[in-house]
Amino acid sequence: GQSFSFQRPVLDLVAERLPATLTLAGVALVLALSLAIPLGVLAACRRGQPADSVAMGFSLLGGALPNFWLGPLLILVFSLWLGWTPVSGREGPASLILPAITLGTSLAAILARMVRGSVLEVLGEDYIRTARAKGLGPGAVLWNHALRNAWLPVLTLVGLQLGGLLGGAVIT
């Protein structure tokens, strides 16, 4: 159909904006995964210790800060006060930093909680106890057995969140 605002076909307008949307969603997802996976695994392996509290504190803070507040705050600090990044536009990699951080932190918070819960659930299974009884080290048990089976719920949530990123909103 025709856009009422631009008097152009809607498909053309979507096609113009799709590369920027895919780029931003991809960078935000990579940022979220690179934060969430190590934090979630660390929190699960150090359950009840200070590292768990710090990781889950980040998760709580990242989930509690709304994007509509975090985005302007990041612009105010890093663009206007410090002048490190552009305020808006699509002028290269620097213009992706603040929007990706804004979208990625809330997504990382959700994913870190899911990774922690999934890894904790898997670490209590019988096959993990059997792997430990066979003499495998903690790293081998974690990487070869626990994480392999903990990815399914995490990947399901990543797929749902990716759809939210592409649609313009993060599902919380």
Colleague: Between the side chain of R17 and the main-chain N/O of L13, is any donor-acceptor distance below 3.5 Å?
Modeller: yes
Colleague: Tell me every residue that passes side chain to side chain donor-acceptor pair (under 3.5 Å) with R148, counting only those two or more places apart in sequence or in another chain.
Modeller: none
Colleague: Would you name the heavy atoms of A15 and P19 that are closest together and state the gap between them?
Modeller: O-CD, 3.4 Å
Colleague: Using a 3.5 Å distance criterion without hydrogens, assess whether the side chain of W151 forms a donor-acceptor pair with backbone atoms of L147.
Modeller: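 Side chain of W151 to backbone of L147: a pair is present.
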Colleague: Could you report the tightest heavy-atom contact between A36 and A108, atom names first, then the distance?
Modeller: CB-O, 3.5 Å
Colleague: Side-chain contact test, heavy atoms from C-beta onward, threshold under 4.5 Å: evaluate it for Q2 versus V10 and give yes or no.
Modeller: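 No, every pair of side-chain atoms sits at 4.5 Å or beyond.
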Colleague: Flag yes if L33 and L157 sit in one hydrophobic cluster, no otherwise; membership is Ile, Leu, Val, Met, Phe, Trp, Tyr, and two members link when side-chain heavy atoms are under 4.5 Å apart.
Modeller: yes
Colleague: Determine whether a donor-acceptor pair (N or O, by modelled atom type, separation under 3.5 Å) exists between the side chain of S79 and the backbone of L76.
Modeller: no
Colleague: Please name the residue in the list P72, P99, S106 that meets the side-chain contact (heavy atoms from CB on, under 4.5 Å) test with N67.
Modeller: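 One option only clears the test, and that one is S106.
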Colleague: Surrounding CD of E121 (heavy atoms of other residues, nucleotides or ligands, distance under 6.0 Å), is the total greater than 12?
Modeller: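 At most 12 heavy atoms, drawn from other residues, nucleotides or ligands, come within 6.0 Å of this atom.
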Colleague: Please step through side-chain contact (heavy atoms from CB on, under 4.5 Å) for the pair L136 and H145, ending with a clear verdict.
Modeller: CA-CA 10 Å; L136 289 177; H145 297 283; 3.4 Å; yes
Colleague: Start with the C-alpha gap between V141 and I128, add the side-chain angles, then the distance that decides, and say whether side-chain contact (heavy atoms from CB on, under 4.5 Å) holds.
Modeller: CA-CA 7 Å; V141 169; I128 297 296; 3.7 Å; yes
Colleague: Group every Ile, Leu, Val, Met, Phe, Trp and Tyr by side-chain heavy-atom contacts under 4.5 Å, then state whether I110 and V41 land in the same group.
Modeller: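 Yes, I110 and V41 fall within the same hydrophobic cluster.
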Colleague: Atom CG in L111, atom CD in Q161: separation rounded to 0.5 Å?
Modeller: 6.5 Å
Colleague: Give a yes or no on whether the backbone of V115 and the side-chain of S118 come within a donor-acceptor separation of less than 3.5 Å.
Modeller: no
Colleague: With salt bridge (Lys or Arg N to Asp or Glu O under 4.0 Å) as the rule and sequence neighbours excluded, what pairs involving residues 126-146 come up?
Modeller: D126-R129
Colleague: For the hydrophobic clusters of this structure (ILVMFWY residues joined by side-chain heavy atoms under 4.5 Å, transitively), does one cluster hold both L73 and I97?
Modeller: yes
Colleague: First locate atom CG of L18, then atom CG of L22, and finally report the distance between them rounded to the nearest 0.5 Å.
Modeller: 4.0 Å
Colleague: Going by ring pair (Phe, Tyr, Trp, His ring centres under 6.0 Å), name the residues that satisfy it together with F58, two or more places apart in sequence or in a different chain.
Modeller: none
Colleague: Check whether V14 and F6 end up in the same hydrophobic cluster, where Ile, Leu, Val, Met, Phe, Trp and Tyr are linked by side-chain heavy atoms less than 4.5 Å apart.
Modeller: no
Colleague: Does L98 form a side-chain contact (heavy atoms from CB on, under 4.5 Å) with V87? I'd like the steps, not just the answer.
Modeller: CA-CA 9 Å; L98 297 182; V87 175; over 6 Å; no
Colleague: Would you compute the distance between atom CE of M114 and atom CG of L155 and round it to the nearest 0.5 angstrom?
Modeller: 10.5 Å
Colleague: Work out which heavy atom in S59 is nearest to a heavy atom in A109; give both atom names and the distance.
Modeller: OG-O, 2.8 Å
Colleague: For a side-chain contact (heavy atoms from CB on, under 4.5 Å) with L165, tell me which candidate from T21, L160, L24, L107 qualifies.
Modeller: L107
Colleague: Taking ring pair (Phe, Tyr, Trp, His ring centres under 6.0 Å) as the test, write out the residues that go with W143, two or more places apart.
Modeller: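 Listed in chain order: nothing, the list is empty.
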Colleague: When rounded to the nearest 0.5 angstrom, what is the spacing between OG1 in T102 and CH2 in W69?
Modeller: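 Spacing of OG1 (T102) from CH2 (W69) equals 11.0 Å.
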Colleague: For T85 and S95, run side-chain contact (heavy atoms from CB on, under 4.5 Å): C-alpha distance rounded to whole Å, both residues' side-chain angles, the deciding distance at 0.1 Å, then the answer.
Modeller: CA-CA 6 Å; T85 60; S95 61; over 6 Å; no
Colleague: State, yes or no, whether a side-chain contact exists between N149 and Y127 at a heavy-atom distance under 4.5 Å.
Modeller: yes
Colleague: Which residue pairs satisfy the salt bridge (Lys or Arg N to Asp or Glu O under 4.0 Å) criterion with at least one member in residues 92-118, sequence neighbours excluded?
Modeller: D52-R116
Colleague: Suppose we screen for salt bridge (Lys or Arg N to Asp or Glu O under 4.0 Å). Which residues come up paired with R8, at least two apart in sequence or across chains?
Modeller: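 E16.
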Colleague: Any chain of hydrophobic side-chain contacts (each under 4.5 Å) joining V154 to V119?
Modeller: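 Linked within one cluster.
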Colleague: Work out which heavy atom in A112 is nearest to a heavy atom in L39; give both atom names and the distance.
Modeller: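 Looking at all heavy atoms of both residues, the closest pair is CB-CB, 4.4 Å.
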